2 protein chains.
Amino acid sequence: MTRPEDRSRRRPKIADVAATAGVSTATVSRALSNPGLVGEATRARVMDAVEVTGYRINSAARDLRQRRARSLLILAPNLSNTFFGTIFAAIQKVAGEAGLAVQISDSRLESSRLATLGHDGRTDAIVLLDGALDPEIVNGWRLPLVQLCEWNEDYDAPAITIDNAAAARLAVDHLAQLGHRRIVHVEGPPDNVLAIHRRAGAQAGATARGLELTLLPGDFTMESGETAARRWAAMTPRPTAVFCASDECAFGFIAECAAMGLAVPADVSVVGFDDVDFAGRFLPALTTVHQPRAEIGRIGAERLLAALEGGRPLGPRAEPVPTRLVVRASTAAPPTTSPRPKQ
Amino acid sequence: MTRPEDRSRRRPKIADVAATAGVSTATVSRALSNPGLVGEATRARVMDAVEVTGYRINSAARDLRQRRARSLLILAPNLSNTFFGTIFAAIQKVAGEAGLAVQISDSRLESSRLATLGHDGRTDAIVLLDGALDPEIVNGWRLPLVQLCEWNEDYDAPAITIDNAAAARLAVDHLAQLGHRRIVHVEGPPDNVLAIHRRAGAQAGATARGLELTLLPGDFTMESGETAARRWAAMTPRPTAVFCASDECAFGFIAECAAMGLAVPADVSVVGFDDVDFAGRFLPALTTVHQPRAEIGRIGAERLLAALEGGRPLGPRAEPVPTRLVVRASTAAPPTTSPRPKQ
DNA sequence: ATCGCGGCTGCAATCGATTACATCAGAGCT
DNA sequence: AGCTCTGATGTAATCGATTGCAGCCGCGAT
């Protein structure tokens with residue numbers, strides 16, 4: 001005797017739908033995933049049965065059979081970083097519309113756990129926001145993979161990025177045009193590709209414009225901006241403008257200036273990099289290089305989807321995504337009150 | 001004839017390991033997931049074989065057989081919101097250490113797609129950061145579920161939250177103690193639980209302290225803070241302090257004040273709510289109610305894990321997570337220069 | 001009448017693990 | 001020797017879908 005509550009309480013499976021509709025499971029499967037293959041009337045009966053039973057597909061079973069996961073993994077070095085939120089949202093939007101789930105994980109894991117993430121069959125493709133992972137592991141995954149923002153030449157995967165050096169030059173050019181002659185660049189972490197390219201761009205710009213450029217160490221954080229502000233304040237003569245390698249760093253710099261009783265941009269002009277959500281509301285509103293994060297996320301996700309659908313490999317490297325300088329209130333002409341020492 | 005490249009190129013499965021070690025697949029499975037059940041020597045042979053073949057488990061197969069996904073789903077109304085990053089990170093940390101994957105999705109989806117998310121067998125538990133979903137759908141999932149920050153009485157699930165009303169009173173009490181008598185509360189969205197409780201707390205506090213409280217509409221965004229600032233500036237007499245229902249709203253309010261040539265806290269004191277990462281670096285540093293986001297995320301994830309392991313249900317409702325007011329530079333005594341109109 | 005063909009449908013194998021149950025060897029005891 | 005018991009291992013069913021292959025039916029052409 002079959003207990004009636006079994007039928008109602010258990011999660012219905014395809015066999016239940018088939019029984020209700022009076023067809024085989026094969027037909028149900030086809031009606032759902034490839035409707036053109038079944039007859040009009042049958043399809044209608046199946047759809048009714050699906051409705052009646054409340055059937056939902058079991059992804060684990062389908063994934064096993066089809067050897068794919070309909071899921072994409074995002075790896076980032078720090079999930080709480082404000083910078084990444086917009087990118088996650090863009091990726092999830094594209095992926096969700098294509099029926100893919102989005103899994104996230106911190107990328108700074110013990111290497112065996114990290115390696116497993118790309119090998120456990122739960123993921124068809126990977127979005128990597130971290131350029132500092134072991135290339136052995138990354139290339140070992142053998143999955144379609146794109147790098148976003150950051151990149152690493154040793155990874156065998158395309159990167160969707162902006163041209164960081166050119167963007168840094170925009171910032172320096174802007175300061176030069178305002179009349180600044182001595183500027184500071186607060187760098188990012190020494191071994192970070194972004195930091196290296198931004199510094200190179202800043203140096204090239206300074207050289208081309210005949211500016212005197214001083215480098216101060218930093219690591220993209222607000223704390224490093226504060227430290228840099230104190231070091232800058234102690235310099236004689238003081239440079240009149242600062243280009244920070246990240247917005248957060250610029251915020252820290254400006255906050256510390258305020259704490260020291262110095263005003264931006266009256267005493268010093270500050271340019272950031274990234275154009276995070278707060279940049280426009282900061283006081284003063286921050287002049288910064290806009291990084292099109294949503295766009296980058298979208299492009300990355302679309303390229304992965306194309307690779308998954310078409311089965312063809314991802315192209316080798318993408319054109320840089322266009323960027324631009326957003327001029328706001330944190331930059332102005334250098335203070336005229338200060339003596340202009342010839343030497 | 002078996003082609004040799006098959007063995008080497010294909011993803012090795014448990015049968016390959018078994019063949020290499022000279023045991024059955026059952027033994028390999030036990031050696032990996034329940035080592036106590038197999039003999040010392042056998043286990044060592046199996047481990048070697050795993051190493052040699054480069055075997056990684058296929059999660060889809062295991063998930064199917066065990067009828068669970070080892071995965072947890074986070075649903076939030078807006079993935080790009082800065083507020084959520086820290087929560088995601090905390091959840092992922094706890095879940096990752098327990099071997100669970102973390103899936104994220106926007107919660108504002110077409111209802112059938114939303115319903116499917118909790119029914120497709122890819123998820124064993126859900127973290128919900130959105131209190132505005134259809135209770136029918138949410139309760140239909142029949143999965144362990146916790147609500148974080150926001151909640152909805154119609155969901156049959158515990159919520160990890162702070163006591164929003166009490167927290168709002170802290171803010172109002174602080175302003176009263178500084179000497180403010182007329183204050184504004186910029187509300188959150190009208191139908192949002194958080195907004196409702198914060199307003200109730202603010203009203204209760206104002207009443208208890210004999211303050212005059214004016215409500216202005218808002219929706220937690222910076223834009224609504226700006227709008228509120230203009231409406232506040234047009235009031236006569238102008239209230240001397242503002243309690244905004246979110247930090248973002250407060251930032252918008254302050255930025256607009258600056259644009260209008262009014263200073264914080266000299267002309268108006270401003271209190272926020274949440275204590276997001278930037279609050280301490282804003283100019284002026286924002287006085288705000290601290291919401292322990294990492295803590296909330298951690299507790300939520302731990303409760304889900306406990307429910308999954310123990311199989312027992314989640315408790316009905318949790319104690320509120322302690323909160324506190326962080327006093328910074330955006331609040332001060334009311335301006336003494338303004339006339340004190342009796343009427 | 002026969003054949004071929006196209007359109008639907010069903011049967012049963014398959015994906016890769018886990019696990020209930022059976023088996024077996026050896027130890028310990030009478 | 002005979003029996004039981006325990007621990008290690010193997011056999012085969014199972015999870016729930018997809019899909020290659022084959023069968024069936026009806027129709028038009030030969």
Side-chain angles (χ1 to χ4, degrees), chain A residues 6-7 10-47 49-50 53-71 99 101 116 119-124, chain B residues 6-7 10-47 49-50 53-71 99 101 116 119-124:
Chain A
D6 274 7
R7 173 66 55 93
R10 209 192 31 190
R11 210 138 92 67
K13 50 176 145 179
I14 204 168
D16 299 321
V17 179
T20 306
V23 298
S24 73
T25 61
T27 298
V28 175
S29 175
R30 284 189 281 250
L32 292 175
S33 57
N34 209 341
L37 291 180
V38 309
E40 180 87 32
T42 313
R43 181 176 22 185
R45 286 223 311 290
V46 170
M47 293 311 183
V50 166
T53 54
Y55 171 75
R56 308 272 170 165
I57 198 167
N58 179 316
S59 299
R62 178 176 55 183
D63 291 351
L64 173 59
R65 177 62 226 240
Q66 297 190 327
R67 295 140 153 283
R68 57 175 173 146
R70 289 163 202 271
S71 169
T116 299
H119 275 309
D120 70 354
R122 285 217 253 240
T123 297
D124 305 315
Chain B
D6 276 7
R7 174 65 56 91
R10 209 191 30 191
R11 210 139 91 68
K13 50 175 143 179
I14 204 168
D16 299 321
V17 179
T20 307
V23 298
S24 72
T25 61
T27 298
V28 174
S29 174
R30 283 189 282 250
L32 291 175
S33 59
N34 209 339
L37 290 180
V38 309
E40 180 87 34
T42 313
R43 180 175 19 179
R45 285 223 311 290
V46 170
M47 293 310 183
V50 166
T53 55
Y55 171 75
R56 308 272 171 167
I57 198 168
N58 179 317
S59 298
R62 177 176 54 184
D63 291 350
L64 173 59
R65 176 63 224 239
Q66 296 190 328
R67 296 141 152 280
R68 56 175 174 146
R70 289 162 202 274
S71 169
T116 299
H119 275 309
D120 70 353
R122 287 217 253 237
T123 295
D124 334 278

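As the structure is a computational prediction, the values presented were derived from the model and not from experiment. Lettering of chains follows the sequences in order, A, B, ..., and the numbering in each one begins at 1.
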Worked verdict on B:R43 versus B:R30 for side-chain contact (heavy atoms from CB on, under 4.5 Å): CA-CA 9 Å; B:R43 180 175 19 179; B:R30 283 189 282 250; over 6 Å; no
Short question: side chain of [X], backbone of [Y] - any donor-acceptor pair under 3.5 Å?
| X | Y | result |
| --- | --- | --- |
| A:S33 | A:S29 | yes |
| A:D124 | A:S71 | yes |
| A:N34 | A:L37 | no |

Atom-pair distance (CZ on B:R70; C1' on C:dT18), nearest Å: 11 Å
Rounded distance in Å - CD (B:Q66) to C1' (C:dA20): 14 Å
SB check A:R122 A:D63 (cutoff 4.0 Å): no
Which atom of B:A21 lies closest to which atom of B:V46, heavy atoms considered: CB-CA, 4.1 Å
Boundaries of the DNA chain D segment in contact with chain A, non-hydrogen, under 4.0 Å: D:dG16 to D:dG20
Intermediate values then yes/no, side-chain contact (heavy atoms from CB on, under 4.5 Å), A:V23 and A:R45: CA-CA 9 Å; A:V23 298; A:R45 286 223 311 290; 3.6 Å; yes
Footprint string (nucleotides 4-12 of chain C, 5' to 3'): B base within contact, S backbone only, - free, heavy atoms under 4.0 Å: ----SBBB-
Atom pair OH/CD1 of A:Y55 and A:I14 - distance to nearest 0.5 Å: 4.0 Å
